[in-house]
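Heads up, the thing below is written out as structure tokens.
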2 protein chains.
Amino acid sequence: MSSVSTPESETVGTRMRADERRALVLEAATRVFGERGYHGATTDAVARAAGVSQPYVVRMFGSKEALFIAVLERALERLMATFESALVESEDAAASGDADAVSHCIAQNYAELLSDRGLLLSLMQAFMLGADPVIGPVARAGMRRAYEFLRDRAGMGPDEAHEFLALGMMLNTLVGLRMADDYEREPTVRELLDEALPTKVPLLLSLRDAES
Amino acid sequence: MSSVSTPESETVGTRMRADERRALVLEAATRVFGERGYHGATTDAVARAAGVSQPYVVRMFGSKEALFIAVLERALERLMATFESALVESEDAAASGDADAVSHCIAQNYAELLSDRGLLLSLMQAFMLGADPVIGPVARAGMRRAYEFLRDRAGMGPDEAHEFLALGMMLNTLVGLRMADDYEREPTVRELLDEALPTKVPLLLSLRDAES
DNA sequence: GTCTATACCCAGATAGAC
DNA sequence: GTCTATCTGGGTATAGAC
């Protein structure tokens with residue numbers, strides 16, 4: 001998870017294939033953008049998180065904006081892939097009677113995307129920049145894709161799909177708020193988080209404790 | 001709603017009580033922060049939106065950060081006041097049998113907060129900055145207050161309160177995405193927005209069309 | 001492909017006049 | 001109380017060496 005992952009595993013900064021570096025920077029950027037938002041994040045923070053130089057980050061993607069779009073598109077890819085595989089996974093459960101097993105299964109897998117640190121937050125940050133002329137359209141298209149998947153592929157009605165997304169946005173918001181920081185201190189927060197993440201609170205807390 | 005509101009109503013930039021100016025700047029800041037987020041907004045953009053000079057905006061609140069906190073606190077005040085008055089308003093309806101009339105009524109009034117341009121978005125932007133050492137705590141406290149109101153004053157169970165907030169966050173997200181921009185062009189978007197705002201789509205569209 | 005050095009611009013904040 | 005002028009820092013992007 002940190003910096004070394006070369007097969008031959010040399011010193012940190014050396015001998016790593018270029019596309020691996022690219023992927024590494026993309027992951028680092030996802031974390032940084034998720035935490036501070038597009039404007040709040042600096043290419044320098046991304047660079048430091050990835051263990052490369054700031055100008056190199058810019059060089060690789062052309063601009064900060066292009067980097068953010070890349071992060072956003074990667075996040076959307078992973079989101080849709082997760083939806084797809086959750087759908088497959090739930091197909092047998094659905095056959096054996098359970099009406100909204102599909103919904104439950106997708107929800108579970110959605111929550112597990114939290115492990116991909118910053119991914120859901122970067123998405124959410126993008127959603128809040130709908131007024132931006134270049135980020136906005138990509139973000140809107142992403143939301144549409146998600147909704148259409150739920151409606152057309154997962155067979156939800158408009159009401160179910162809407163509610164599903166609402167629960168997702170609530171989860172994203174609670175994570176963005178760092179609400180888990182108050183889990184032990186505030187009984188109210190504990191109650192709310194237990195409600196929002198029936199089975200995944202331990203995951204959330206473990207991610208919180210793994211923070212820098 | 002725009003710039004003039006002095007009783008004696010002189011030329012725009014003149015003779016306005018200081019606290020009126022302050023309120024005006026606060027409203028302008030709410031709009032700008034809502035649109036671009038805390039980091040994306042500039043004190044200069046706020047100043048121009050309010051028709052005052054940039055240094056004056058900083059002078060008035062001490063710093064950009066303090067201004068944002070002021071915006072956030074005003075938004076939370078208005079939110080809670082809206083909740084309170086919706087609760088009162090719904091008390092008779094609740095007496096006459098309708099089980100979740102309270103919930104419906106609060107939801108309606110929540111959606112009407114859209115008219116206070118930028119208010120829900122500024123809140124949402126704050127929610128996405130939970131990692132910020134000064135904004136985070138205020139934002140978390142705001143979310144807690146809202147949840148506790150729904151649970152303790154409006155008499156919702158944890159599940160209802162959570163779902164209510166989820167629908168709220170979904171609404172905020174759709175507004176942040178500027179999803180209404182595609183209302184006519186994309187049937188899918190129309191369907192989603194009609195679902196999200198049963199009765200308030202016209203309001204949303206009118207606000208969209210009133211945009212700069 | 002990756003770094004160091006640096007140019008350049010923009011934004012927040014300050015000084016001080018009115 | 002409000003403005004103009006300006007300082008200063010920090011952040012993106014470029015140039016160019018290795």
Side-chain angles (χ1 to χ4, degrees), chain A residues 3-6 8 10-29 32-33 35-71 125 129 132-135, chain B residues 3-6 8 10-29 32-33 35-71 125 129 132-135:
Chain A
S3 7
V4 210
S5 56
T6 326
E8 281 73 22
E10 283 105 334
T11 332
V12 177
T14 26
R15 290 292 131 188
M16 176 181 266
R17 284 211 340 273
D19 52 338
E20 284 174 5
R21 280 257 143 132
R22 200 186 152 92
L24 204 64
V25 171
L26 222 41
E27 279 165 42
V32 175
F33 280 132
E35 179 137 329
R36 312 198 210 175
Y38 172 60
H39 294 285
T42 68
T43 54
D44 189 63
V46 172
R48 273 185 277 104
V52 298
S53 72
Q54 179 270 328
Y56 186 40
V57 169
V58 174
R59 267 300 194 83
M60 237 190 289
F61 293 88
S63 70
K64 178 184 174 179
E65 189 176 65
L67 171 60
F68 186 73
I69 295 290
V71 163
Q125 300 278 180
L129 293 178
D132 183 285
V134 15
I135 298 169
Chain B
S3 9
V4 210
S5 56
T6 326
E8 281 74 21
E10 284 106 335
T11 333
V12 177
T14 26
R15 289 293 132 187
M16 176 182 266
R17 285 211 341 273
D19 51 338
E20 285 175 3
R21 281 259 142 133
R22 200 186 153 92
L24 204 65
V25 170
L26 222 41
E27 279 164 42
V32 175
F33 281 131
E35 178 138 330
R36 313 198 210 176
Y38 172 61
H39 294 285
T42 67
T43 54
D44 188 63
V46 172
R48 272 184 278 105
V52 299
S53 72
Q54 179 268 329
Y56 186 40
V57 169
V58 174
R59 265 304 194 79
M60 236 188 292
F61 294 88
S63 70
K64 178 185 176 179
E65 189 176 66
L67 170 60
F68 187 73
I69 295 290
V71 163
Q125 300 279 181
L129 293 178
D132 184 286
V134 16
I135 298 168

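No hydrogens, no waters, no symmetry mates; every other heavy atom, side chains included, goes into these values. The sequence lines fix the lettering, A, B, ..., with proteins before strands; numbering per chain opens at 1.
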### Summary
Heavy-atom nearest pair, A66(A) first then F61(A), reads CB-O, 3.1 Å

### Task
Could you tell me the separation between the NE2 atom of H39(A) and the C1' atom of dG10(D), rounded to a whole number of Å?
16 Å

### Message
Please compare R59(A) and T43(B) by the position of their nearest nucleotide in DNA chain C and report the one closer to 5'.
### Response
R59(A)

### Task
Please name the residue in the list T43(B), V46(B), T42(B) that meets the side chain to side chain contact (heavy atoms under 4.5 Å, CB included) test with V32(B).
V46(B)

### Task
Report the C-alpha separation of D132(B) and R36(A) in whole Å, then their side-chain angles, then the decisive distance to 0.1 Å, and conclude whether the side-chain contact (heavy atoms from CB on, under 4.5 Å) test is met.
CA-CA 8 Å; D132(B) 184 286; R36(A) 312 198 210 175; over 6 Å; no

### Message
At less than 3.5 Å, do the side-chain atoms of Q54(A) and the base atoms of dA13(D) form a donor-acceptor pair?
### Response
yes

### Task
Give T42(B) one of three labels, base, sugar-phosphate or nothing, depending on what nucleic acid heavy atoms sit under 4.0 Å from its own.
sugar-phosphate

### Message
If a pair means Watson-Crick or G-U wobble with both distances below 3.5 Å, what does DNA chain C look like in dot-bracket form, with | marking bases paired to a different strand?
### Response
|||||||||||.||||||

### Message
To the nearest 0.5 Å, what is the distance between CG on L129(A) and NE2 on H39(A)?
### Response
5.5 Å

### Message
If I take atom CZ in residue F61(A) and atom C1' in nucleotide dG1(C), what distance separates them, rounded to the nearest angstrom?
### Response
14 Å

### Message
Taking the nucleotide of DNA chain C with the nearest heavy atom to each, does G62(B) or P55(A) sit closer to the 5' end?
### Response
P55(A)

### Cation-pi, F33(A) ring and K64(A) (6.0 angstrom, 45 degrees)
no

### Query
Tell me: CZ of R36(B) to C1' of dC10(C), nearest whole Å?
13 Å

### Task
Quickly work out the D44(B) CG to dA5(D) C1' distance and round it to whole Å.
14 Å

### Query
When the distance from CZ of R48(B) to P of dC3(D) is rounded to whole Å, what number comes out?
14 Å

### Query
Rounding to a whole Å, what distance do you find between L67(A):CG and dA13(D):C1'?
14 Å

### Summary
Residues at least two apart in sequence or cross-chain that pass salt bridge (charged side-chain N to carboxylate O under 4.0 Å, His left out) with D44(A), listed by chain then number, are R48(A)

### Task
Under 4.0 Å between any heavy atoms, over every strand shown, what does A47(B) touch: base, sugar-phosphate, or nothing? Just pick one.
nothing

### Task
Test side-chain contact (heavy atoms from CB on, under 4.5 Å) on L67(B) and L26(B) and set out the steps.
CA-CA 8 Å; L67(B) 170 60; L26(B) 222 41; 4.0 Å; yes

#### Entry: Distance in angstrom units between K64(A) NZ and dG11(D) P, rounded
9 Å

